[in-house]
Amino acid sequence: MTYLLALDQGTSSSRSIIFNERGELIATAQQEFRQIFPQPGWVEHDAMEIWQGQFSTCQQVLSKAGLKATDIAALGITNQRETTVLWDRKTGQPLYHAIVWQDRRTETYCDELRQQGYAGRIQAKTGLILDPYFSATKLKWLLDNIPEARRRAQAGELAFGTIDSWLAWQLSEGSLHVTDVSNASRTMLYNIHDNKWDEELLSWFDIPRALLPEVLPSSHQFGHSKLLGAAIPIAGIAGDQQAALFGQACFTPGMAKNTYGTGCFMLMHTGDQCPSSHNGLISTAACQTDSRAQYAVEGSVFIGGAVVQWLRDGLKAIQHSTDVEQLAASVPDSGGVVFVPSFTGLGAPYWVPAAKGAILGLSRGSTVAHIARAALESIAFQSTALLQAMVRDAVFPIKELRVDGGAAANNMLLQFQADLLGIPVIRPKVTETTALGAAYLAGLGVGVYKNMEECAAQWQMDRQFTPAMSRDEANNLMKNWEVAIGKVR
C-alpha cells in the first residue's frame, strides 16, 4: 500500500493526516496553538510555535499509523493563506510574529491607497479587492516597523513567505524558498494573468524583490525533507481553500465548494478563464498540476465556525463547540433574532473592514438558544450571499454545492443552507478535503496517480441535503438578513 502525508496548517491548529492511495484516512494528529491579540483588530501567531507544532504532529501521525518515513511516497502542504512571515535567511528565525489573515492593522494604509486611485489597478492585476486581508500590506507593515528590516531585505538577508513557504523552508532545513500559484495569488503582489511576481505591484507596495519565494505549480517536486528519518519528496503545496476545491474533485468549470472552517470560503472553478467579479468576489488561481493556468472565483466570510467558538469562549453559552446543534435545535426558529458576526469586519460580498458584530431583533422572549440558532444561521446567510453574488456574476450555472470543514458535520446548518440556496448541498464521505487535496497534489507530483480523473473517481457522497423551504420564505429570510447587514454597515 502507498501512503501520502498531508500537513494541514490551519488558523487555530496544525494537523498531519496520512491517507492511503485510495484516498482513505489512515491516521490523524492535531495540535492547537496560541492566538495572539496584541490590540483590537490585530491577530498574530508565533511562526516558530506553528512549525514546532506542525512537525510534532508529523511525528505523532507516523507513530499512530505504525509507519516509517520510508513508507511515505510524498508529502503535501496546505495552509492558512495570506498569513505573513518574515524571517532571517541565515538563522531561519522569524523577525516578528506572523501577521494573520484576519488582522486589520493596515486598514488606514489601504484607505490611503484607495484615495490615491490604486484599488482598480491592483484588482485588475491580482483579481483581489484592496483589503488588509491580503499579504502585501502586512509585509509592508513589517518592513516599516521592524528596525533595520527594510535595509536587510534589500541586502537579501531576509525571506518573506506565507505559511506554506515557511514550512517548506523549515522542512528542507533552509534549502527551499518556494510557494505555489494558489498561495502567491493571495499576496497581492502576484499578477494572476501573467503568472508572475509583478514589478509594478512591488513598487507600489515598496517591497524588495529579493524577499520573494520562487513560484511553482501546486503539484510539483519542490524538494525533499529528511527530518522524519528518510528523504520524503515535498510534492504538493496549495492554499487551504484551493486544496479543498481540489480535494472535492471540483475540476471542471461551474463546480463549487464551500468550506465551513474558522471562516467560510466558497470557490467555483472557472477553468482557464479568469472572470472579473462585479459583485464583490475575487478572482484567484486554482491549483495547477502543470504549466497551464487554472482559475476560480471566491467569496470569503471572515467569521464562520468562529462564531461557535465565541458562543463557547466569549458568551459561555456552551461548553463544547459540538453542543451548539442541540442548543439551537431546542427552539423551532431564531424567534426573529438575527446575528451578524462581523467581529473582524465584513468580507465578501460586502467588504466593510470597520463593521462590528451585532445581535438584532432581541425581545423579552429571546433566550440563549435563539442566539445560538441565529449564530448557526448566520453562517448559512453569509454563504448564501456569496453564492447569490456568483450567480449574479453568472460565470457558470451552479447546480449543487459540495461542502466540507468542521461545521459541515452540523446537519441543521446544512439543511438550512440548502433551504436558503434552493440547490442540493452535498457532504462527501471524506470531509478532510483540504488535507486530501494536498495529498492528491503530492500523489500526482510523484506519479502515485496518473491524472486528476483517478482522484475524481475516488470522491464519494455521504449525504445530500435538498431544499425543503419555499423560495418565498427563503427570499424573505435573506431580505431580513440584508436589513441586518445594512445596520452594521
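What you are looking at is a predicted structure, and each value in this text was computed from that prediction instead of being measured.
Scanning both residues, W101 and T83, for their nearest heavy atoms gives N-OG1, 3.1 Å. Of all heavy-atom pairs between Q458 and E21, the closest is NE2-O, 2.8 Å. Between V100 and K138, the shortest heavy-atom distance links the atoms O-NZ, 3.1 Å.
Taking 4.5 Å as the limit, some side-chain heavy atom of Q382 sits within range of a side-chain heavy atom of W481. C287 has its side chain out of reach of Q294: every pair of non-hydrogen atoms, C-beta onward, lies at least 4.5 Å apart. Side-chain contact between V178 and H220 is absent, with no heavy atoms from C-beta onward closer than 4.5 Å. Here the side chains of Y96 and E44 are in contact, with some heavy-atom distance below 4.5 Å. Counting heavy atoms from C-beta on, the side chains of D131 and R104 come closer than 4.5 Å. Between I237 and F222, the closest side-chain pair of non-hydrogen atoms falls below 4.5 Å. Taking the side chain as every heavy atom from C-beta outward, F302 and L346 never approach each other to under 4.5 Å. Side-chain contact check for Q9 versus L167: some heavy-atom pair is nearer than 4.5 Å.
For S219 (side chain) and L441 (main-chain N/O), a donor-acceptor pair under 3.5 Å exists by modelled atom type. Side-chain N or O atoms of Q221 include none that pairs as donor or acceptor with a backbone N or O of G223 at under 3.5 Å. In this structure a side-chain-to-backbone donor-acceptor pair under 3.5 Å is missing from S283 to V297. The backbone N or O of E453 lies less than 3.5 Å from a partner atom in the side chain of N451, making a donor-acceptor pair. In terms of modelled atom types and a separation under 3.5 Å, the side chain of T179 and the main chain of N183 share no donor-acceptor contact. Here the side chain of H269 pairs a donor or acceptor atom with the backbone of G271 at under 3.5 angstrom. Remark: the backbone N or O of F160 is paired with a side-chain donor or acceptor of H177 at under 3.5 angstrom. A distance-only check finds no donor-acceptor pair linking the side chain of S182 to the backbone of A285 [under 3.5 Å]. Of the possible polar contacts, one joining the Q35 side chain to the T11 backbone as a donor-acceptor pair under 3.5 Å is found. Side-chain N or O atoms of T126 include none that pairs as donor or acceptor with a backbone N or O of Y190 at under 3.5 Å.
Looking only at atom types and distance, the side chain of T162 has no donor-acceptor partner in the side chain of E82 under 3.5 Å away.
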T57/Q31 under side chain to side chain donor-acceptor pair (under 3.5 Å): CA gap, chis, key distance, verdict
CA-CA 7 Å; T57 64; Q31 205 163 305; over 6 Å; no
- Going through the checks in order, is the side chain to side chain donor-acceptor pair (under 3.5 Å) test met by S300 and E298? CA-CA 7 Å; S300 314; E298 174 177 338; 3.1 Å; yes
| request: Take T284 and R186 through the side chain to side chain donor-acceptor pair (under 3.5 Å) test and state the conclusion after the steps. | output: CA-CA 7 Å; T284 198; R186 314 297 295 190; 3.0 Å; yes
Under the criterion ring pair (Phe, Tyr, Trp, His ring centres under 6.0 Å), I'd like the reasoning laid out for W51 against W87: C-alpha separation, chi angles, the key distance, then a yes or no. CA-CA 13 Å; W51 157 241; W87 69 92; over 10 Å; no
Fill in: Working for side-chain contact (heavy atoms from CB on, under 4.5 Å), residues L267 and K257
CA-CA 6 Å; L267 273 77; K257 71 91 200 173; 4.0 Å; yes
Between T259 and D404, does the side chain to side chain donor-acceptor pair (under 3.5 Å) criterion hold? Intermediate values first, please.
CA-CA 5 Å; T259 297; D404 52 65; 2.5 Å; yes
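Salt bridge annotation for D206-K140: absent, with no cationic side-chain nitrogen under 4.0 angstrom from a carboxylate oxygen. Looking at D272 and R292, no side-chain N of the basic residue comes within less than 4.0 Å of a carboxylate O on the acidic one, giving no salt bridge. In this structure, R105 pairs ionically with D103, as a charged nitrogen and a carboxylate oxygen lie closer than 4.0 Å.
With F246 as the fixed residue, the side-chain contact (heavy atoms from CB on, under 4.5 Å) test singles out one of T289, T434, L436: T289.
With W459 as the aromatic partner, R402 meets the cation-pi criteria of under 6.0 angstrom to the ring centre and within 45 degrees of the ring axis.
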Result block: side-chain N/O donor-acceptor pairs under 3.5 angstrom for residues 109-122, not counting sequence neighbours:
residue: D111; atom: OD1; partner: R114; partner atom: NH1; Å: 2.5
residue: R114; atom: NH2; partner: L130; partner atom: O; Å: 2.9

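Ring geometry for W351 versus F134: interplanar angle of 30 to 60°, hence tilted.
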